[in-house]
Amino acid sequence: MEDYKGKVVIVTGGATGIGRGAALAFGAEGAKVVVVTGRNTAGGEATAQAIRDAGGEAIFVQCDVSDEEQVKAMVEKTLSVYGRLDCAFNNAGIGPDGVRVPFSALTETSVEVWDRTMAVNARGVFLCLKYEIPAMLKTGGGAIVNTASVGGLRMAPSFGAYGPSKAAVIAVTQTAAVEYARQGIRVNAVCPGPTQGTELMKNSAATGGAAAGDDDGPPIPLGKFGQVEDITNAVLWLCSDKAGHITGHALSVDGGMADIG
């Protein structure tokens, strides 16, 4: 892809998994990457360094996406270093994995877990959009992809807060898309299914919580889990000029779970 030469891209949740994969892919395609994470600072620094080691440009910014002042400062840092913002992948999120967040039915979900899940997943995307979009308007437009989930398209038991939070991501994606389409900003969502190589998947599998299926394989029509590259390929395409007539779309990258599962 030649779409990213000289462009500036923010990637939140860039320390591990899908976020790290996307940051590295954007960097390999010539983008100047702002790697963002709130908790795993060592991982965020490592992602940015890996991009630089490969000959690209990248900085790391620590930011809790649920905190408005931190998000505002993160976008301001991007503009102060690189002078513009062209694309953003708002990927930071949390979900039930049996380690950091318990699996629980809706009525068994604590208010604390509900509030934290909504704060990171829904408010986090809202805040990123609130500050990324004005930055993009200054240079005539841009492209944004938000990470939702197959869980935001089809609700599942024991994901009491997660599914609603990801449905909210899809809704706020469509809201931003319709409000800024005429101003040159495209906003889409990607909806991964179970994806190997992510922290949530590793923790979930270790605690027996992953949708691993039985001896016949996972409960996915294609019969296999997704890979990080499956998601990052979709993200880079949605942010590219090749997807220039697509906005407000929630793209399932889930082996068919949402549509034919």
Subject >> Which atom of Thr117 lies closest to which atom of Ser165, heavy atoms considered >> reply: CG2-OG, 3.7 Å

**OP:** State whether a side-chain donor-acceptor pair under 3.5 Å links Thr173 with Asn146.
**Re:** yes

Subject >> CA sep, side-chain torsions, deciding dist, call: Glu68, Arg123, salt bridge (charged side-chain N to carboxylate O under 4.0 Å, His left out) >> reply: CA-CA 9 Å; Glu68 182 171 9; Arg123 186 168 74 213; over 6 Å; no

Original post:
Passes side chain to side chain contact (heavy atoms under 4.5 Å, CB included), Thr37 versus Phe60? Steps please.
Top reply: CA-CA 8 Å; Thr37 189; Phe60 168 69; 3.3 Å; yes

**OP:** Check the pair Tyr4, Leu236 against side chain to side chain contact (heavy atoms under 4.5 Å, CB included), reporting the backbone distance first and the verdict last.
**Re:** CA-CA 9 Å; Tyr4 300 109; Leu236 264 70; 4.2 Å; yes

Subject >> Single-linkage hydrophobic cluster, 4.5 Å side-chain cutoff, Val150 and Met155 together >> reply: no

**OP:** Please lay out, stage by stage, how Glu132 and Val75 fare under the test side chain to side chain contact (heavy atoms under 4.5 Å, CB included).
**Re:** CA-CA 7 Å; Glu132 291 163 351; Val75 174; 4.2 Å; yes

Original post:
Just how far is it from atom CD of Glu29 to atom NZ of Lys7, taken to the nearest 0.5 Å?
Top reply: 12.0 Å

Subject >> Arg84 and Thr78: side chain donor to acceptor below 3.5 Å >> reply: no

Subject >> Nearest-0.5 Å distance, CG of residue Leu137 to CD of residue Gln183 >> reply: 5.5 Å

**OP:** Locate the shortest heavy-atom distance separating Cys128 from Asn90; write the atom from each residue and the value.
**Re:** CB-OD1, 3.4 Å

Subject >> Any donor-acceptor pair under 3.5 Å from Arg186 side chain to Gly142 backbone >> reply: no

**OP:** Taking all heavy atoms of Met257 and all of Pro219, pick out the closest pair and write down the distance.
**Re:** CG-O, 4.1 Å

Subject >> Student check: side-chain heavy atoms of Arg116 and Ser66 closer than 4.5 Å >> reply: yes

Original post:
Does a side-chain heavy-atom distance below 4.5 Å link Val71 with Cys63?
Top reply: yes

**OP:** Could you check Tyr82 against Ile59 for side chain to side chain contact (heavy atoms under 4.5 Å, CB included), going step by step and ending with a plain yes or no?
**Re:** CA-CA 10 Å; Tyr82 292 124; Ile59 61 170; 3.7 Å; yes

Subject >> Taking every non-hydrogen atom, the tightest pair across Val35 and Gly14 >> reply: CG1-O, 3.8 Å

Subject >> same_hphob_cluster(Leu153, Val187) at 4.5 Å side-chain heavy-atom cutoff >> reply: no

**OP:** For the residue pair Ile185 and Ile133, establish whether any side-chain heavy-atom pair is separated by less than 4.5 Å.
**Re:** yes

Original post:
Would you say the side-chain atoms of Thr12 pair up with the backbone N or O of Asn91, donor to acceptor, closer than 3.5 Å?
Top reply: yes

**OP:** Report yes or no: does Asp241 contribute a side-chain atom to a donor-acceptor pair with the main-chain N or O of Gly244 at less than 3.5 Å?
**Re:** no

Original post:
Hey, are the side chains of Ser149 and Tyr162 touching, using non-hydrogen atoms and a 4.5 Å cut-off?
Top reply: yes

Original post:
Hey, is the main chain of Gly226 close enough, under 3.5 Å, to the side chain of Asp230 for a donor-acceptor pair?
Top reply: no

Original post:
Going from CE on Met74 to CG on Asp67, what distance comes out if it is rounded to the nearest 0.5 angstrom?
Top reply: 11.0 Å

Original post:
Is Trp237 reachable from Val11 through a run of hydrophobic residues whose side-chain heavy atoms are each under 4.5 Å from the next?
Top reply: yes

Original post:
Of all heavy-atom pairs between Val65 and Ala92, which one has the smallest distance, and what is that distance?
Top reply: CG2-CB, 4.1 Å

Original post:
What's the spacing between Phe26 CZ and Ser240 OG if we round to 0.5 Å?
Top reply: 9.0 Å

Subject >> Gln196 side chain vs Gln227 backbone, donor-acceptor pair below 3.5 Å >> reply: no

**OP:** Would you check if Leu24 and Ile51 make a side-chain contact, meaning some heavy-atom pair closer than 4.5 Å?
**Re:** yes

Original post:
Rounded to the nearest 0.5 Å, how far does SG of Cys87 lie from CD1 of Ile10?
Top reply: 10.5 Å

Original post:
Are side-chain heavy atoms of Val113 and Pro102 found at a separation under 4.5 Å?
Top reply: yes

Subject >> Shared hydrophobic cluster, Ile170 / Val190 (ILVMFWY, side-chain heavy atoms < 4.5 Å) >> reply: no

Original post:
What's the shortest heavy-atom distance between Asp64 and Gln70, and which atoms?
Top reply: N-OE1, 2.8 Å

Original post:
Going hydrophobic residue to hydrophobic residue with side-chain gaps under 4.5 angstrom, can you get from Tyr180 over to Val125?
Top reply: yes

Original post:
Ignoring hydrogens and geometry, is there a side-chain-to-backbone donor-acceptor pair from Asp254 to Pro192 under 3.5 Å?
Top reply: no

Subject >> Member of Leu85, Leu79, Val61 meeting the side-chain contact (heavy atoms from CB on, under 4.5 Å) criterion with Val34 >> reply: Val61

**OP:** Check whether the side chains of Thr109 and Ser104 place a donor and an acceptor atom closer than 3.5 Å, and report yes or no.
**Re:** yes

**OP:** Measure the spacing between CG of Asn188 and CD1 of Ile144 and express it to the nearest 0.5 Å.
**Re:** 10.0 Å

**OP:** Evaluate the side-chain proximity of Pro157 to Phe103: yes if any heavy-atom separation is below 4.5 Å, no if none is.
**Re:** no

